[in-house]
2 protein chains.
Amino acid sequence: MDTPADSSDVRRRNLALVLRHIAAHGPCARTELAAATGLVSASITALAAELIGSGLVREAGLASSGSRGRPRKLLELRAGRVQTVAVEVMPDRLAGAVCDLSGTVTWRGERVLAAPGDPRPVAEQIAGLVQEALEATATPGRTQVHTARLVLAVPGAVIEDDLIADSILLGWRRIDLAALVRAALPAGSCPVSVVNEANMAAFAEYHALASRTGTAPRAFAYLRVGPGIGGGLVVDGQIQTGGHGMAGEFGHIPVAFDGPACKCGDHGCLVTYLGLEALMRAAGLDPDLHDQDPERARADFDRRLRAGDPGPARALEAGARALATALTAVSRVADPEQVVLGGHLAAWSDWLVPTVLRHFAGRRAITPTDEPVLSTELLGRHATIVGALRHGCETVFNDPASVPSLTRP
Amino acid sequence: MDTPADSSDVRRRNLALVLRHIAAHGPCARTELAAATGLVSASITALAAELIGSGLVREAGLASSGSRGRPRKLLELRAGRVQTVAVEVMPDRLAGAVCDLSGTVTWRGERVLAAPGDPRPVAEQIAGLVQEALEATATPGRTQVHTARLVLAVPGAVIEDDLIADSILLGWRRIDLAALVRAALPAGSCPVSVVNEANMAAFAEYHALASRTGTAPRAFAYLRVGPGIGGGLVVDGQIQTGGHGMAGEFGHIPVAFDGPACKCGDHGCLVTYLGLEALMRAAGLDPDLHDQDPERARADFDRRLRAGDPGPARALEAGARALATALTAVSRVADPEQVVLGGHLAAWSDWLVPTVLRHFAGRRAITPTDEPVLSTELLGRHATIVGALRHGCETVFNDPASVPSLTRP
DNA sequence: CTATTTACTTCAAGCCTTGAGTTATTACGC
DNA sequence: GCGTAATAACTCAAGGCTTGAAGTAAATAG
C-alpha cells in the first residue's frame with residue numbers, strides 16, 4: 001500500500017490482465033484480447049511475447065473466421081507450465097494435491113500422521129508428501145514445470161502472513177508452520193503459504209459459483225457445518241481474514257445468549273443447534289453414537305430423515321431457525337449477496353432452506369431486499385484442497401512475471 | 001480491476017504517496033519524503049514540483065537542522081487549496097459542512113427540510129445549502145479553491161455507486177439522489193457521492209482512532225445505538241458496503257431468535273435490548289416518554305443511572321449481555337481488531353463494557369485471543385459529517401492529479 | 001576562507017504504453 | 001488467375017514515468 005510504483009507494476013498488472021483473460025475464456029486471438037482488456041494491439045503483442053517467453057501461453061494454430069482477412073493466431077494457456085501444491089493438514093492425516101494453471105488436479109495423495117501433536121514432525125511429513133508429489137508429477141523430457149507455491153490449509157487462525165496463530169484441533173499455538181516446512185524442504189523450493197482450510201473451501205466455492213453463474217458476487221459467504229465447522233467470506237474476490245485470522249467463523253455465531261453451552265466456551269453458538277451431535281440429541285437419537293463414529297451417525301440421521309422419521313425433521317426445523325438467525329447476523333455484518341451452505345447443511349438443505357426462507361420472508365415486507373441468495377455447495381468434500389490449489393495459482397495470475405523464462409523452448 | 005494500467009497510474013500512486021505523507025506528518029523536506037516513501041530523491045523533486053504546481057503543497061521556508069550541510073526546504077500542505085462539502089440528510093433537516101484538506105471545518109450550516117418526503121425538493125434544498133456553503137467559504141482574492149467533492153450522507157442503503165437503494169427513515173426507494181442533486185446544482189459543479197451516514201461515522205471514528213493510537217487496525221467496527229442506529233466496518237482502510245449496501249448494520253444483529261419483535265420485522269435484534277425505548281422499559285420507566293421526547297428520555301435515564309437508581313443499571317446489565325452476543329457475532333463474521341461503541345452505548349459504557357468483558361473472559365480460556373479491543377467513540381455527534389468530509393478528501397489523496405494546476409501562482 | 005557535508009536538481013537511460021504506419025494473410029469479385 | 005479489400009499482427013518513434021549518476025546549492029566546521 002505504501003510502496004512506490006514504477007513501470008514494472010504496470011507491466012505486472014497488464015500481464016495479469018491478459019493471462020487471466022486467456023485462462024478464463026480459452027484460446028483467443030490478440031485482437032480479442034485487445035478488445036477485452038482495453039489495451040492497444042501493440043501492447044498485446046509485447047505482452048503476449050513475454051507470456052510466450054515464460055511458457056505460460058503458446059500459439060495454437062490459426063482460426064479462419066470464415067470472413068476474409070488474415071486469420072487469427074490463437075493464444076492458448078499452457079496450463080502445464082505451472083503447478084501448485086496444496087496440503088490439507090487434518091488432525092490425524094494429511095491430504096495433498098497438485099494442480100496446473102487450469103485447475104486440473106494432476107496428483108492426489110494422503111498420509112496418515114505419525115506424530116499428530118508435534119509441529120516439527122508434522123512439518124517433516126508435509127515436506128515428505130510434497131516431495132512425493134513433485135516426484136510423481138515430474139515427467140522428464142516434458143516442459144519445464146514451475147512450481148508456483150505450496151499452500152498449507154490448516155484448521156486454525158492464521159495471522160501475520162502465514163504464521164499459524166492457534167489451532168484448537170491441532171493443539172497448536174503460535175506455530176510458524178511455513179518456516180518449519182521450508183526448513184524441511186530442500187533449499188530453493190517454492191514459496192510456502194499457510195491459510196485457513198475453511199477459508200479455502202469458501203474460496204473454491206466462490207469461484208465454482210462464479211464460473212457457473214458467469215458473474216462473481218461482490219460479497220460472498222460460505223458456511224459449513226459437517227465434517228469440520230467453519231466458513232469464509234470473500235469480498236471483491238479477496239478472502240477476508242479479519243484482524244486475527246478468524247473472520248468467517250460462522251459456526252460459532254451466537255444465536256441465543258442463553259443457548260446451550262458450546263465447546264468453544266460460549267453459549268448458543270450455531271453449532272449447538274446444527275452440529276450433528278446437537279441434531280441427534282434434538283431428534284431423540286443417541287448422541288453417544290456421534291462420538292464413536294460420526295460418519296455412521298450422519299448416515300443414520302440421514303436415513304431416518306429420508307425415511308420420514310419425524311425426529312430428524314423436527315430437529316432440522318428447529319435448527320433452521322437458528323440458521324436463519326445466524327444468516328441474518330452475517331447479513332447485518334457483511335451483507336453478502338450470496339450464501340453457500342456446506343457440509344450436512346447442504347445435504348439436508350431441502351429441510352433447512354424452506355424454513356430459513358420463510359423466516360426471511362416474514363420480514364422482507366418491511367426491510368429492504370437485503371437477504372442473500374441461498375444455495376448449496378458445488379464442490380463438497382474437495383472444496384478445501386481445490387481452493388488451496390486455486391489460491392496458489394493466484395500467485396501466477398497476479399504476477400505472471402514471477403514465472404521465469406523458458407531456457408529452451 | 002480489469003482496466004489496463006499505464007504510467008499515469010504510476011504517477012497517480014506516487015503523487016498520492018507523497019501528498020499523504022506531507023498531510024499526515026506535517027511539513028517535511030524532500031529528503032525525508034524520499035526516505036519515507038522509498039522513492040528516489042530525483043522522483044521526489046518531480047512529484048513535489050507537480051504538487052506545488054497544482055497548489056496542493058508549498059515550500060515553507062528552510063529548516064537548518066543544526067548540523068552542517070545545505071538546509072532543508074520544507075514542503076507544507078496547502079490545505080486551503082481544496083475543499084470538500086458534505087451534507088447529512090436527516091428525516092427532518094439537513095446539516096452541511098465544508099472542510100479543507102487538513103480536515104479543518106471551515107463552515108457549518110443547517111436547514112430544516114420543507115418537504116421531507118419528496119426526493120426532488122430535498123435535492124433542491126441540498127443544492128441550496130451547498131450553494132450557501134460555497135458562497136460563504138468563497139474569499140475573493142484568496143487562493144483559488146478547488147471543490148473536490150460533495151458527499152451526501154443518508155440513513156439508508158446505498159448501492160450501485162451512489163444510488164440510494166432504500167431508506168426507511170426517509171421513506172425512499174431506489175432514489176438516485178446524486179443525479180437529482182447534480183441536476184439542481186449549476187452545471188460543472190463538483191462530483192457528487194452518496195454514502196451511508198453510519199458508515200461515514202465509522203470511517204471518521206476509524207481515522208480518529210488511528211491518528212490517536214498511531215496505528216490503523218486492519219479490521220475495525222463501529223457500532224452505534226443512540227440517536228440513529230447503525231455502524232460500519234472498515235477493512236484495510238476501506239469502508240465495507242457489502243452486496244446491498246447494508247454491511248455494518250450491527251443494530252439489527254439478532255441476539256436471540258425468540259427475542260422481542262423489532263420494527264424491522266425481525267425478532268431479538270440488538271436494538272430490542274439496547275435501544276433507548278427498550279432500556280426504558282427494562283428499567284421500569286415510562287416508554288411513552290421516548291416517543292414524545294427522546295432527548296428528554298435519554299437525559300432522564302442518564303440522570304437516574306448516575307444517581308444510583310437500580311432500574312437503569314439493571315437494564316444496562318441485561319443489555320450488556322445482548323451486546324456481548326452481538327459483538328461475538330461481529331467477531332465471528334468480520335473479526336475486527338478494534339470495536340468502537342457510539343451513541344448511548346458510549347455514554348453508558350462504564351455500565352456496559354465491564355459486563356461485556358466479563359462475558360468474553362468466560363470463554364477466553366478456551367478460544368484463542370480473538371476478542372476485539374473495545375473503546376468508545378472519540379467524535380460523537382459530529383462523526384458522520386466529519387467522516388463524510390474525510391471521505392470526500394480521499395478523492396484528492398487518492399488522485400492528487402485530479403486537482404487542476406493553478407493558473408496563477 | 002576552504003573543505004566538508006547535506007539537500008536538491010539535472011540529465012541520460014531504461015521500461016512501459018500508445019498511435020501510426022507496415023507487413024502478412026486471407027476472401028471476394030471479376 | 002489476379003487485383004482489391006479486409007483483417008491480424010508487427011515495427012517503430014514518441015511520450016510519460018522512475019532511476020542512478022553527476023552536478024549544483026547552501027549551510028557549518030576548522
Side-chain angles (χ1 to χ4, degrees), chain A residues 2-19 22 27-53 57-76 399-401 405, chain B residues 2-18 22 27-54 57-76 399-401 405:
Chain A
D2 48 354
T3 52
D6 65 11
S7 54
S8 73
D9 296 295
V10 174
R11 195 47 177 277
R12 194 191 333 279
R13 173 148 167 188
N14 290 340
L15 279 172
L17 214 55
V18 170
L19 182 63
I22 295 173
C28 52
R30 290 171 173 79
T31 312
E32 299 167 46
L33 287 168
T37 59
L39 287 156
V40 126
S41 67
S43 305
I44 298 290
T45 297
L47 294 163
E50 183 163 341
L51 292 174
I52 291 170
V57 157
R58 111 182 96 204
E59 294 201 326
L62 306 178
S64 39
S65 55
S67 68
R68 69 179 149 180
R70 178 177 173 173
R72 312 172 152 196
K73 286 194 265 183
L74 294 182
L75 295 171
E76 180 186 56
D399 183 13
S405 298
Chain B
D2 48 354
T3 52
D6 64 11
S7 54
S8 72
D9 296 295
V10 174
R11 196 48 178 275
R12 195 191 333 279
R13 173 149 167 187
N14 289 341
L15 280 172
L17 214 55
V18 171
I22 295 173
C28 52
R30 289 170 173 79
T31 312
E32 298 166 47
L33 288 168
T37 60
L39 285 156
V40 125
S41 64
S43 305
I44 298 290
T45 296
L47 293 163
E50 184 163 340
L51 291 175
I52 291 170
S54 60
V57 158
R58 113 181 94 205
E59 294 201 326
L62 305 179
S64 39
S65 55
S67 68
R68 69 178 149 180
R70 178 177 172 175
R72 313 174 151 197
K73 286 194 266 183
L74 294 181
L75 294 172
E76 179 185 57
D399 184 12
S405 298

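Quick note: numbers below take in every heavy atom, side chains included, and nothing from hydrogens, waters or symmetry partners. What you are looking at is a predicted structure, and each value in this text was computed from that prediction instead of being measured. The chains referred to below are lettered A, B, ... by the order of the sequence lines, with proteins before strands, and numbering in each begins at 1.
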Overall bend of the helix from C:dC1-D:dG30 to C:dC30-D:dG1 (five pairs an end, 10° steps) is 20°

To the nearest angstrom, the CD-C1' distance between A:Glu59 and D:dA8 comes to 12 Å

| query | Quick check: does any side chain N or O of A:Arg13 sit under 3.5 Å from a backbone N or O of B:Thr3, one acting as donor and the other as acceptor? | reply | yes

Review point. Does OP1 or OP2 of D:dG30 have a side-chain N or O of B:Arg68 closer than 4.0 Å?
Key: no

Practice task
Respond yes when some side-chain nitrogen or oxygen of A:Thr45 is under 4.0 Å from OP1 or OP2 of D:dA9, and no when none is.
Solution key: no

The residue, B:Leu47 or A:Thr31, whose nearest nucleotide of DNA chain D is more 5′ is A:Thr31

Separation of C:dA7 atom C1' from B:Leu75 atom CG, nearest Å, is 12 Å

request  = State, with a plain yes or no, whether a side-chain heavy atom of A:Thr37 is found less than 4.5 Å away from one of A:Asn14.
outcome  = no

A:Arg30 has its side chain closest, among D:dG16, D:dC10, C:dC8, to D:dC10

- Task: Pick base, sugar-phosphate or nothing for B:Ala29, based on heavy-atom distances below 4.0 Å to the nucleic acid.
- Result: sugar-phosphate

- prompt: If you take atom types as modelled and just measure distance, does the side chain of A:Arg70 reach the base of D:dA8 with a donor-acceptor pair under 3.5 Å?
  reply: yes

Is any side-chain heavy atom of A:Thr31 closer than 4.5 Å to one of A:Ser41? no

Under-4.0 Å side-chain N/O to phosphate OP1/OP2 contact, B:Asn14 with D:dC17
no

To the nearest angstrom, the CD-P distance between B:Glu50 and D:dG16 comes to 11 Å

Taken to the nearest whole Å, CG/A:Asp6 to P/C:dA13 is 20 Å

Comparing nearest nucleotides in DNA chain D, the 5'-proximal residue of the pair A:Leu74, A:Ala5 is A:Leu74

Across the strands shown, which category fits B:Ile44 at heavy-atom distances under 4.0 angstrom: base, sugar-phosphate, nothing? nothing

Contacts of A:Gly38 and A:Leu62 projected onto DNA chain C by closest heavy atom; the upstream (5') one is A:Gly38

